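Shown next, in structure tokens, is the structure this report addresses.
All of these numbers come straight from a predicted model, not from anything done at the bench. So you know, we letter chains A, B, ... as the sequences are listed, proteins then strands, and number each from 1.
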2 protein chains.
Amino acid sequence: MKTQEAVKLFEALSSDIRLDLFRLLVKNAPQGLVAGDIAKELGIPPTNLSFHLRALTSAGLAHVEKEGRFLRYRADIPLMLEVIAYLTSECCHNSPEQCANYRQASGIAPEFLPERK
Amino acid sequence: MKTQEAVKLFEALSSDIRLDLFRLLVKNAPQGLVAGDIAKELGIPPTNLSFHLRALTSAGLAHVEKEGRFLRYRADIPLMLEVIAYLTSECCHNSPEQCANYRQASGIAPEFLPERK
DNA sequence: ACAATACTTCAATACTAGTTGAAGTATAAA
DNA sequence: TTTATACTTCAACTAGTATTGAAGTATTGT
């Protein structure tokens, strides 16, 4: 992943609305949610929701699919994992002693953490 | 972690300079780097570097310590791991089948991934 | 004491993002 | 085919963010 792409992704997550939104989609992966259900869940006006949904999708963190007159949104979980890998890469110069302690104390499930290469 | 704190952290990472900066500090954890070394490494003017260092530290992602006339900056790795845990929490409703596949394919080291509770 | 170094804060400017109401498009229901 | 539903785009305003040069503070070397 390039820096500019990662920046785009973090920008997309830099809003309370979008962060709630994305986490809701993560929670409801992989089936996703239609815009109306999201609006009900988060309680924000449709105009504003559209704005933030667009921000998420154009960053690539969510994808849309049409279902009749509904639009279904899904989180891109692999991309989320890529940006985590980018953020944490070469942590502590991959020193097993230094970094592994942090990692093990983190309360993060093993499957979400980047391999040390 | 509360939403607003996580937003603050993602905002802090929403700049190419600060993202490079933070990743440099992650790579050089836990000993950290002094501002001058960072400036050399990233090649940005001191005024601007100060601005971005302040943004990172006031978000809590980095901490400063005085060393004579130098200032040493260190990444807060546990906080980084907390925000990862926040982002990925309840992924796929913690369904082992759905989510574990994503996680295992992610190339992220086990120690960086949140526990499913 | 004086000058150099290391880094920061200040002030001014330019730009980018967030929110809202009104209007638009597309699908479905009556 | 008229009406309602689902969601988006447009336009306007507001407010926050990034960058830079100049000036400031603190520490070290001579």
With rounding to the nearest 0.5 Å, note down the distance linking CG in B/L87 to CE in B/M1. 10.5 Å
Measuring only between side-chain heavy atoms, which start at C-beta, is B/T88 closer than 4.5 Å to A/I84? yes
From CD of B/E11 over to P of D/dA15, roughly how many Å is that when rounded to an integer? 17 Å
Considering only heavy side-chain atoms of B/R54, the closest of D/dA4, C/dT9, D/dA18 is C/dT9
Charged N to carboxylate O under 4.0 angstrom, B/D37 versus B/K40? yes
So, A/S14 side chain and B/V7 main chain: donor-acceptor pair closer than 3.5 Å or not? no
Minimum heavy-atom separation for A/V26 and A/A75, please, with both atom names. N-CB, 3.9 Å
Whole-Å gap separating C1' (D/dT17) and NZ (B/K8): 17 Å
In whole angstroms, how far is the C1' atom of C/dA6 from the CG atom of B/L53? 13 Å
Out of D/dC7, C/dT9, D/dT27, whichever nucleotide has its closest atom nearest the side chain of A/Y73: D/dC7
Does the side chain of B/R74 come under 3.5 Å of the side chain of B/H63 through a donor N or O and an acceptor N or O? no
CG of A/L49 versus P of C/dG21: gap in Å, rounded? 15 Å
The correct set of residues in residues 37-48 of chain B placing a heavy atom under 4.0 Å from DNA chain C is B/P46, B/T47
Given D/dA18, is OP1 or OP2 found less than 4.0 Å from the side-chain N or O atoms of B/R18? yes
Is a donor on one side and an acceptor on the other found under 3.5 Å between the side chain of B/R72 and the backbone of B/Q31? yes
Along DNA chain C (nearest heavy atom to each residue), the more 5'-positioned of A/E67 and A/F51: A/F51
Which nucleotide in the list D/dC7, D/dT19, C/dT27 gets nearest to the side chain of A/K66? C/dT27
What is the distance, to the nearest angstrom, from the NE2 atom on B/H52 to the P atom on C/dT9? 14 Å
Whole angstrom value for the distance that separates C1' of D/dT17 from CZ of B/F10: 19 Å
Give the rounded distance in Å between these two atoms: CG of B/D20 and P of D/dA18. 14 Å
Round to the nearest Å and state the distance from B/R69 atom CZ to C/dA6 atom C1'. 7 Å
